[in-house]
There are 2 protein chains.
Amino acid sequence: MQAGSPKWRRRSEARPGEIVQAALEVFAEKGFAAAKLDEIAAKAGVSKGALYLYFETKEDIFRAVVREAVAPNLDMVEAVLAREEPPFPDLMRGMFEHLSQVIETTRLGAVAKLVIGESRNFPELARVWHDEIVSRALTALSKALARAQMRGEVRTGDPRLQAFSLMGPILMGVIWQETFTPVGAPALNLRILILQHADTVLSGLKPRVGVRP
Amino acid sequence: MQAGSPKWRRRSEARPGEIVQAALEVFAEKGFAAAKLDEIAAKAGVSKGALYLYFETKEDIFRAVVREAVAPNLDMVEAVLAREEPPFPDLMRGMFEHLSQVIETTRLGAVAKLVIGESRNFPELARVWHDEIVSRALTALSKALARAQMRGEVRTGDPRLQAFSLMGPILMGVIWQETFTPVGAPALNLRILILQHADTVLSGLKPRVGVRP
DNA sequence: CGAGTATATGACTCATGAGTCAGTTATACG
DNA sequence: CGTATAACTGACTCATGAGTCATATACTCG
């Protein structure tokens with residue numbers, strides 16, 4: 001051992017973040033049950049014991065990972081909510097652009113896959129995601145759609161289902177990337193997918209020609 | 001013990017199917033790792049030892065469950081492939097109708113969730129699903145779209161991405177049902193979702209008015 | 001500089017659950 | 001019937017990995 005190079009350092013400030021980051025990678029790779037604490041610890045550059053200085057249990061770490069990933073999405077939701085009514089297609093294109101960036105810069109897709117896969121074992125997490133992200137975003141979107149319908153910018157129909165038409169293909173793209181691309185399927189350019197989908201679906205949402213009052 | 005009512009019966013023909021059925025329920029509920037063989041055995045009405053008369057390992061049972069669920073879907077794919085070119089919207093509505101029924105009558109959604117969640121731990125299964133179902137269906141759909149574009153029934157664009165616009169919202173609906181509904185989210189009427197989405201997306205895929213050659 | 005303390009280690013324990021197998025029971029068939 | 005054997009059971013073994021803790025090391029502050 002070189003003198004002057006300590007075996008480890010005290011970094012109580014930075015540790016939790018490093019651990020959550022490492023855990024995200026391992027959970028995304030293996031799922032909750034198959035992820036090993038030793039591997040998470042190794043990846044975070046600490047021993048297993050150190051994990052227990054900052055977290056109570058393995059589940060605790062998992063929860064932290066999922067909650068961590070919630071934050072950037074709340075921004076997303078806020079963005080949708082905030083904008084005051086430009087023409088509907090412009091509103092959507094702005095939202096799609098924002099979403100593209102979030103997907104590119106975060107591990108949102110991996111976490112979504114985790115939440116989906118573990119929803120039965122961690123119902124509270126599924127509930128958190130639903131209540132704090134999915135439901136809020138969907139409601140905001142539905143309301144924007146309802147208003148656009150009133151203004152005659154969007155054809156009539158259940159706004160909540162229209163929201164599925166808007167968002168579904170993007171979710172499918174994200175899942176595709178996480179599930180099939182690592183297994184040999186051709187990669188997907190999500191940005192282009194989103195652009196073309198916007199083109200299609202926004203055109204499809206335009207009011208029918210020749211409807212009666 | 002009543003005489004004349006044996007403790008168990010020999011049913012070597014029926015067992016494998018019963019076991020796979022029970023395993024599907026437990027895997028769908030818990031995921032691969034958290035599913036216990038004792039629970040699967042109990043649900044199938046046999047002892048744990050009996051499982052090993054028909055399957056080598058737990059993974060083996062999992063594979064059987066996933067492969068089992070592939071069968072009805074291959075029919076789906078065939079259905080898409082077979083029909084000879086009615087007008088594109090009719091073709092799609094037929095396909096959507098067929099798909100609605102498959103979703104209602106099978107546990108397709110649950111298995112899809114399993115494949116997505118376990119894809120990293122069972123890459124061969126993800127590959128099987130990709131190669132035998134998803135890719136084939138998507139390719140068939142893309143070809144139909146490409147032909148419809150040639151005929152001027154569908155606007156130009158990458159047919160593979162258009163396929164995502166068609167299928168994504170349905171996948172999202174299925175995942176919603178499996179993930180959020182059990183956790184208190186409002187249930188979704190998939191049939192209606194599919195109908196309204198068909199309306200929206202098929203309208204959106206119609207050729208643009210006033211394109212240049 | 002040298003207690004004193006917060007931070008970290010890694011060998012250990014112990015619950016869990018997949019997989020095994022010696023023994024038991026149903027059934028087919030002479 | 002009775003006997004051979006396929007079908008089945010459930011108590012057991014054993015590997016794994018989460019969680020613990022006695023010990024060691026880095027830092028802090030008087």
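Numbers restart at 1 for each chain; the letters A, B, ... are given by sequence-line order, proteins then strands.
In this structure, the side chain of B/Trp129 does not engage the main chain of A/Phe180 through any donor-acceptor pair within 3.5 Å. Proximity of a side-chain donor or acceptor of B/Ser203 to a complementary backbone N or O of B/Asp199 within less than 3.5 Å is not detected. Between the B/Gln162 side chain and the B/Arg155 main chain, a donor and an acceptor come within less than 3.5 Å of each other. Between the B/Arg147 side chain and the B/Phe88 main chain, no donor and acceptor come within less than 3.5 Å of each other.
The list of side-chain hydrogen bond (donor to acceptor under 3.5 Å, both in side chains) pairs with a residue in residues 110-121 of chain B, not counting sequence neighbours, reads A/Lys113-B/Ser119, A/Ser119-B/Lys113, B/Glu118-B/Asn121. Screening residues 105-127 of chain B for ring pair (Phe, Tyr, Trp, His ring centres under 6.0 Å) gives B/Phe32-B/Phe122, B/Phe62-B/Phe122 as the qualifying pairs, with residues at least two apart or on separate chains. Among residues at least two apart or in separate chains, salt bridge (charged side-chain N to carboxylate O under 4.0 Å, His left out) pairs with a member in residues 184-197 of chain A are A/Glu97-A/Arg191, A/Glu104-A/Arg191.
Contacts of A/Ala35 with the nucleic acid, taken as non-hydrogen atoms under 4.0 Å apart, involve only primed sugar atoms and P, OP1 or OP2. Within 4.0 Å of A/Ala33, counting heavy atoms only, lies no atom of the nucleic acid at all.
On the nucleic acid side, DNA chain D contacts chain B at distances under 4.0 Å to non-hydrogen atoms, with the end points of that region at D/dA6 to D/dG10.
Remark: A/Phe96 pairs with no residue by the ring pair (Phe, Tyr, Trp, His ring centres under 6.0 Å) rule, at least two apart or across chains.
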Using nucleotides 7-11 of chain C, report all nitrogen or oxygen pairs with the protein that are shorter than 3.5 Å.
| from | atom 1 | to | atom 2 | distance (Å) |
| --- | --- | --- | --- | --- |
| C/dT7 | OP1 | A/Ser12 | OG | 3.0 |
| C/dT7 | O4' | A/Arg10 | NE | 3.4 |
| C/dA8 | OP1 | A/Arg9 | O | 3.2 |
| C/dA8 | OP1 | A/Arg11 | N | 3.0 |
| C/dA8 | OP1 | A/Arg15 | NE | 2.8 |
| C/dA8 | OP1 | A/Arg15 | NH2 | 3.1 |
| C/dA8 | OP2 | A/Tyr54 | OH | 2.3 |
| C/dT9 | OP2 | A/Ser47 | N | 2.6 |
| C/dT9 | OP2 | A/Ser47 | OG | 2.8 |
| C/dT9 | O5' | A/Ser47 | OG | 3.3 |

